[in-house]
Structures are given as structure tokens and as C-alpha cells.
Amino acid sequence: MSTSALRLVGLHKSFGNTPIIRGVDLDIRTGERHAIIGPNGAGKSTLFHLISGRFPVTSGEVRLKDENITGLAPFMINRRGLSRSFQVTNIFPRLSVFENVRCGVLWSLGYKYSFWHSIGRARDASERAESILEQINLASRRDVPAGVLSYAEQRALEIGITIASGPDVIMLDEPTAGMSRSETEHAVALIRKVTEGKTLVIVEHDMGVVFDLADRISVLVYGEIIATDTPQRIRANAAVQEAYLGTATQEGHQEGEHA
């Protein structure tokens, strides 16, 4: 039985004549927390878009639990057990916090397209949504329109929506971006809690978050992975320090002082 939750094989992506992802091979193990780091413009978000089906792959394969999902639509990939968040908060601002989460729950519980069923009677969906609100510490904000939540609360809500379908693989794109130090600490605790027993793939610039959460780290530079290893070995890797990590750690420390 394979221990891979997600495998990228010779993955390439070009926009016109410009290569962005240049032959990425990556094996993410079932149950691990895997961080992808790299400088701005390295192709991290593009890689996320390729995995989740938002962008078509130029060449190569994306395999989810040994199934080739290359070219599938995002909703089909989601139904196979992979869910992702976005760098820019992506919620329904006019719906309540509860309704946002319930929307994410419905399909996974078998509620498909139907115009003759009352959503209010979907007790199992409501119960699962309530449980997720407890997990993400937003139960007290249940009936508030999502658009009036604080920034940190909206990011927590998006994590709740991401896990609502019960995915095995959770991908988070810059989940702590723009947060203060105390907000970041709360977000890390939340991410650790909701991904327990799951596979987590995270793109993150805050090195404190990366080294706190990740079991392994991959470093992406100019569309190529130059190293994949444990946090301790990545920290000590001379090529990584030269390409990215030393500068980023210093910048992250300075940003933290001003947060």
C-alpha cells in the first residue's frame, strides 16, 4: 500500500513561452505536514493551482492517493479528498458564518443538486457545521454575516470551509499572511488542531510558522525544488540559505517586530 498522499511527477507549467514550474517531482507522505517555501515569484501559488485543478498542467502528472488527477476540474478533485484555501480570503460575505460552513458540508454528506429539499431539514449538515464552528472557535459568531468578521476570523472561517468536506489532504496558501504575532499563534494552534490525522500542504512565508508546523519542507526556487528535508536539515542547508532562507528569516524577524 502506498504511503503517498500526493505525488507530483515531472510537473511543468508555462504561460506562453515563459516557464513557471520547471520539472517538479515531489512525494508528500500520508499524514505529514509539508511546507513549501521559496522567494516571491518562485511559483508556489502556481504549484497550488496546478495541484488543485485551477490551472491546466503543461506536462507531467499530479497523483492523489495513487490516482492520476491531472486535468480534472477543481470540484472533481475536491470530491476525491483534496481541499484548499486561497491566498486572498475567499468566503461568502453576505451569508452567516454558519451558512458559509454548511455550504462546504452539503455535498460530502450526499446533498446534491436538489430544488425540492429544504436545507433547514438537513440535520446532519447542520450538526457537522456546528461542530466545525466549535473547532475553529467561531461558534459565538455563528449568525454574524461573514463579511463583518475581523481579518483573522475570516481566515479561520476559510480554514473551516476548507475542512468542511472532510478532505484527507488539506492545502493552505499563506494562512497567516497579514496577521499580528498573537493572531498567528492562534492560527497555528488552529491549523494543528484541524489537520490532526490529515495530510497538510502549506505555503507560508513566516519561517516561525513553517518550522513550528512542518514535518518536512520543500524549497521552491524559480520553479524548481532545490531541497526537500526535515526543518533542521533545511535550516542548515547551505544552498537553501544562499537561495532564500537566511534572507527570509531575517526579514521575517524584522516584520515580526513591527507586527
Side-chain angles (χ1 to χ4, degrees), residues 2-15 18-90 104 107-108 158-159 161-177 191 194-195 197-205 209-210 213-229:
S2 173
T3 59
S4 295
L6 187 65
R7 181 178 294 165
L8 311 182
V9 183
L11 207 61
H12 286 80
K13 176 62 179 177
S14 297
F15 293 96
T18 306
I20 303 298
I21 299 298
R22 304 187 295 171
V24 166
D25 293 294
L26 182 60
D27 193 344
I28 296 174
R29 302 163 185 161
T30 299
E32 82 168 330
R33 295 185 176 124
H34 198 111
I36 299 174
I37 66 172
N40 290 332
K44 301 183 299 297
S45 289
T46 298
L47 193 61
F48 259 41
H49 292 332
L50 296 176
I51 295 168
S52 61
R54 187 177 177 124
F55 287 171
V57 169
T58 300
S59 64
E61 286 187 1
V62 180
R63 304 191 69 86
L64 178 65
K65 293 174 288 187
D66 279 341
E67 179 184 1
N68 188 349
I69 61 170
T70 313
L72 293 184
F75 74 90
M76 296 179 70
I77 293 173
N78 178 264
R79 291 173 189 174
R80 282 162 171 77
L82 183 147
S83 188
R84 65 161 296 182
S85 71
F86 289 84
Q87 209 172 63
V88 177
T89 305
N90 192 24
W107 189 277
S108 66
E158 185 166 22
I159 290 173
I161 295 169
T162 303
I163 67 171
S165 62
D168 300 311
V169 179
I170 298 167
M171 300 176 62
L172 302 180
D173 194 354
E174 299 280 5
T176 69
I191 292 167
V194 302
T195 60
K198 309 282 188 179
T199 302
L200 171 67
V201 187
I202 184 171
V203 163
E204 181 58 64
H205 271 110
V209 172
V210 169
L213 273 176
D215 299 313
R216 288 196 302 155
I217 299 170
S218 291
V219 184
L220 188 70
V221 178
Y222 298 122
E224 297 180 285
I225 289 181
I226 64 169
T228 295
D229 217 323

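Side chain of S165 to backbone of G104: no donor-acceptor contact under 3.5 angstrom is found. Using modelled atom types, no side-chain atom of H34 and backbone atom of V201 make a donor-acceptor pair closer than 3.5 Å. In terms of modelled atom types and a separation under 3.5 Å, the side chain of S218 and the main chain of I36 share no donor-acceptor contact. A donor-acceptor pair is defined here as one N or O able to donate and one able to accept, closer than 3.5 Å; such a pair exists between the side chain of T199 and the backbone of G31. No side-chain donor-acceptor contact under 3.5 Å links E61 to the backbone of N68. Counting only distance, with no hydrogens or angles, the side chain of R22 and the backbone of Y222 share a donor-acceptor pair below 3.5 Å. Counting only distance, with no hydrogens or angles, the side chain of K44 and the backbone of P39 share a donor-acceptor pair below 3.5 Å. The closest donor-acceptor contact from the side chain of D173 to the backbone of S85 lies at 3.5 Å or more, if one exists at all.
Checking T70, L6, L72, I51 one by one against L64, the side chain to side chain contact (heavy atoms under 4.5 Å, CB included) holds for a single residue, L6. Put simply, the residue from K198, K65, R80 that forms a side chain to side chain donor-acceptor pair (under 3.5 Å) with D168 is K65. In summary, of the residues considered (T3, D215, L200), a side chain to side chain contact (heavy atoms under 4.5 Å, CB included) with E32 occurs for D215 alone.
The shortest side-chain heavy-atom distance between K13 and P56 falls under the 4.5 Å cut-off. For the pair I217 and T228, the minimum side-chain heavy-atom distance is 4.5 Å or more. Between I202 and I170 the shortest side-chain heavy-atom distance does not fall below 4.5 Å. In this structure, the side chains of L82 and P167 stay at 4.5 Å or more apart for every pair of heavy atoms.
Here the straight-line distance linking atom CD1 of I21 with atom OG of S59 works out to 11.5 Å at 0.5 Å rounding. The CE atom of M171 lies 7.0 Å from the CG atom of L47; values are rounded to the nearest 0.5 Å. Distance check, rounded to the nearest 0.5 Å: OG of S4 to CD1 of I28 gives 9.5 Å. The CD1 atom of I191 lies 4.5 Å from the CD1 atom of I159; values are rounded to the nearest 0.5 Å. Atoms NE2 and CG, on H12 and L50 in that order, are 11.5 Å from each other to the nearest 0.5 Å.
Cation-pi geometry between R84 and F86 is met: under 6.0 angstrom from the ring centre, within 45 degrees of the axis.
Between F15 and F55, the ring planes lie perpendicular to each other; the angle is over 60°, past the 30° to 60° tilted range.
Ion pairing between a basic and an acidic side chain is recognised when a charged N comes within 4.0 Å of a carboxylate O; R7 and D27 show such pairing.
Scanning all heavy atoms of the two residues, the minimum distance from G223 to V24 falls at O-CG2, 3.5 Å. Here the closest non-hydrogen pair linking F48 and V203 is CE1-CG2, 3.5 Å.
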